[in-house]
2 protein chains.
Amino acid sequence: MSADRARAPSIRDVARLAGVSHQTVSRVLNDHHSIRPETKAKVLDAIAVLDYRPNLAARALVTSRSNTLGILSATIGEFGPASSIAGIEEAARAEGYSVSTLNLPATTPEAIGAAVRQLVREHVDGIIVLAPQVRVFHVLRGMNSAVPFVTLQTASGFDGVSLAADQVAGARRVTEHLIGLGHVDILHLAGPQDWIEAESRMRGYLEALLDADLPTIPPVRGDWTADFGRFAGEELARRRDFTAVFAANDLMAIGLMHGFRSSGLRVPEDVSVVGFDDIPVAAHVFPTLTTVHQDFPALGRRAVQLLLAEIRGEAPPQFGPLESVLRVRESAIAR
Amino acid sequence: MSADRARAPSIRDVARLAGVSHQTVSRVLNDHHSIRPETKAKVLDAIAVLDYRPNLAARALVTSRSNTLGILSATIGEFGPASSIAGIEEAARAEGYSVSTLNLPATTPEAIGAAVRQLVREHVDGIIVLAPQVRVFHVLRGMNSAVPFVTLQTASGFDGVSLAADQVAGARRVTEHLIGLGHVDILHLAGPQDWIEAESRMRGYLEALLDADLPTIPPVRGDWTADFGRFAGEELARRRDFTAVFAANDLMAIGLMHGFRSSGLRVPEDVSVVGFDDIPVAAHVFPTLTTVHQDFPALGRRAVQLLLAEIRGEAPPQFGPLESVLRVRESAIAR
DNA sequence: TTGTACGCGTTATCAG
DNA sequence: CTGATAACGCGTACAA
């Protein structure tokens, strides 16, 4: 009845039981080609008997690869990034990679640098960045660490390491939808400066207006939150130099409708509102929100494919555009 | 101009530069007590010069601890868990731990077992589980692996390893709010069977009704989604054997209001609705949603504290109850 | 096809 | 207070 806390079986225990050298076991593990079927069977058998699992730390030490992907995110609380992360994990695990996540408390260059260094310290084989502020990329570029990285939601100029749903096209489409409804004075409630997605969506908006020869109104800068949207709604209700608003995300759009409502403006009768993202409640708020749907999990999965290709030195997969699709609902009507 | 990809400096490089043994360097690293200040200074200096970082894999190999916490989640897409995860990461990183996340594709016993084994393989020092289905705990208990774990949102009977905001109290409070408004026939739109949170919230609801000597209506089982809420709203609009509904989460509550609305029922004039969670849009939908607020990030931080105490063999910290606070808004009015 | 010897970078043990 | 020396578990030469 001795309480012997048995240490986990090692590759040599397997070897001993199978009557071979630990080398042979290693070969079986990494299914090396030159190995006799019967020895392989013996080894596999011993592995099963002992319930042996290779020690990942030892392997990482000797190969100096960890089979781990790092996720650097700045906005885990939000719907889009969170959904992408789910996709990333799924794809990474399917490829045999672990996932180490690191959420950025702030997006100062120091914090970003520290975060990347931490991930490097952990020996991640590659990093996926979901911190769509412009400056993050500059930091990343500047460090030119040996660790390959891929980013979601990026600006142009980062081709090959970046991936995004076509937000410009999506923003353009939803703006054109408003134009098609007869709106002429269309305001944009934008995301914060420095955010790549904010810029892309604004660009799509501007392009649509230019193409249609419509006047542009200086956009209002928001912070992505519903609270800000409400505030903006109350302020904007005084102006009324527009008949429709394109909010850069659904949260702001919903807050905006709230602000309009509490100021006596009716949506969509007095003002049309559209959003972006198609969060789960978008189809259920009142009025139901016209918005642009994006497949965030797919984006995450693609990021993993791209990163793994980079890690393995393969040619990067060529993806078709990840379509943003317009969801027409009740919050925007013909003028 | 030789392109020598210099390998990272090791502890021996530091030792050589500082003119000491690699042992001394190791001591400095783990700030061992017996070490002369001047030698320590020399070593620190050499470390700085070489920009040396200890190899985590090597350390993990020899200590058989990885300084990594595993997060096992089943619902990363949802607001609550995602917020908790943010809290967990923050706290874990602050304590010098890395975080390895694993999202469960399904909650079958096999999937759960595989996930835990995977985390164990990665040598995580502890696991935090955010998969609040009852059966997960049974699997976890059954495996009785050596790895300590802690769970968020748990049932009773798992004291010491479990942590939760007091959902029963929260549910009770919001139900009492309805009762206080004069409602007598209060329906509960519950979460899925097997979900611990669903049970807790239902329990709070039942307790409040019992205490007030009110009749209970058999609860409707939902799946947490707004889509289901809408469906339920349309079905329930035909019944009208209630004047108020307590939905087990905000998503369902918002969908429910949608369903009522599209069936010609007005909220709150005809029916009062309350939710649970206080998701970011709750204060902005129409009508603004009365709900119960929970501090998810705090919950995550506490989970880390509890787990670390367990890992370190310290006494578990005693937390006061994490209060759920009622947010009174417009979706529920006096009968 | 298989086995031997060695090294990966660190901490632990025991001397001194 | 510091330094040798031995692990930790695995993969990669190279040899047989």
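Please read all numbers here as calculations on a predicted model, not as lab measurements. Labels below follow one simple rule: chain letters A, B, ... track the order of the sequence lines, proteins then strands, and each chain is numbered from 1.
The pair A:Asp13-A:Arg16 meets the salt-bridge criterion, with a side-chain N (NZ, NE, NH1 or NH2) lying under 4.0 Å from an Asp/Glu carboxylate O.
One can place NE2 of B:His123 at 12 Å from C1' of D:dC10, the figure rounded to the nearest angstrom. Rounded to an integer number of Å, the gap from A:Arg36 CZ to C:dG3 C1' is 13 Å. In this structure, A:Leu50 atom CG and D:dG9 atom P are separated by 13 Å, rounded to whole Å. In this structure, B:Leu56 atom CG and C:dT11 atom C1' are separated by 13 Å, rounded to whole Å. Rounded to whole Å, the distance from CZ on B:Arg16 to P on C:dT10 is 12 Å. Look at NE2 on B:His32: it is 11 Å from C1' on C:dT13, rounded to the nearest Å. Per the geometry, CG belonging to A:Asn55 stands 18 Å off P belonging to D:dA7, to the nearest Å.
A donor-acceptor pair under 3.5 Å is formed between the side chain of A:Asp125 and the backbone N or O of A:Ser66. A donor-acceptor contact shorter than 3.5 Å is absent between the side chain of B:Glu310 and the backbone of B:Pro148. Judged purely by atom type and a 3.5 angstrom limit, B:Ser84 has no side-chain atom pairing as donor or acceptor with the backbone of B:Leu299.
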Please tabulate, for the side chains in residues 55-62 of chain A, all donor-acceptor contacts under 3.5 angstrom to protein atoms that are two or more places apart in sequence or on a different chain.
{"from": "A:Asn55", "atom 1": "OD1", "to": "A:Ala57", "atom 2": "N", "distance (Å)": "2.8"}
{"from": "A:Asn55", "atom 1": "OD1", "to": "A:Ala58", "atom 2": "N", "distance (Å)": "3.0"}

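A distance of 13.5 Å separates CG of A:Asp45 from CD of A:Glu38, quoted to the nearest 0.5 Å. For the atom pair CD (B:Glu122) and OG (A:Ser100), the distance works out to 9.5 Å, reported to the nearest 0.5 Å.
Taking 4.5 Å as the limit, every side-chain heavy atom of B:Leu119 sits out of range of all side-chain heavy atoms of B:Phe149.
Applying the side chain to side chain contact (heavy atoms under 4.5 Å, CB included) test between A:Leu130 and each of A:Ile85, A:Leu72, A:Thr101 identifies A:Ile85 as the sole match.
Relative to the side chain of B:Ile35, the nucleotides C:dT2, C:dG9, D:dT2 differ in distance, and D:dT2 lies closest. The side chain of A:Leu61 has D:dG9 as its nearest neighbour among D:dT2, D:dG9, C:dT4.
At a threshold of 4.0 angstrom between heavy atoms, the contacts of A:Ser64 with the nucleic acid are absent.
Inter-axis angle, ends of the helix from C:dT1-D:dA16 to C:dG16-D:dC1, five pairs per end, rounded to 10 degrees: 40°.
The phosphate of C:dC8 has neither OP1 nor OP2 within less than 4.0 Å of any side-chain N or O from B:Ser10. Side-chain nitrogen and oxygen atoms of B:Thr39 include at least one within less than 4.0 Å of the OP1 or OP2 phosphate oxygen of D:dT2. For D:dG3, one of the phosphate oxygens OP1 or OP2 lies less than 4.0 angstrom from a side-chain nitrogen or oxygen of B:Ser21.
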Show me the protein contacts with nucleotides 11-14 of chain D, counting only N or O atoms at under 3.5 Å.
{"from": "D:dG11", "atom 1": "OP1", "to": "A:Arg59", "atom 2": "NE", "distance (Å)": "2.8"}
{"from": "D:dG11", "atom 1": "OP1", "to": "A:Arg59", "atom 2": "NH2", "distance (Å)": "3.3"}
{"from": "D:dG11", "atom 1": "OP2", "to": "A:Ser26", "atom 2": "OG", "distance (Å)": "3.1"}
{"from": "D:dG11", "atom 1": "O6", "to": "A:His22", "atom 2": "NE2", "distance (Å)": "3.0"}
{"from": "D:dT12", "atom 1": "O4", "to": "A:Gln23", "atom 2": "OE1", "distance (Å)": "2.9"}
{"from": "D:dT12", "atom 1": "O4", "to": "A:Gln23", "atom 2": "NE2", "distance (Å)": "2.6"}

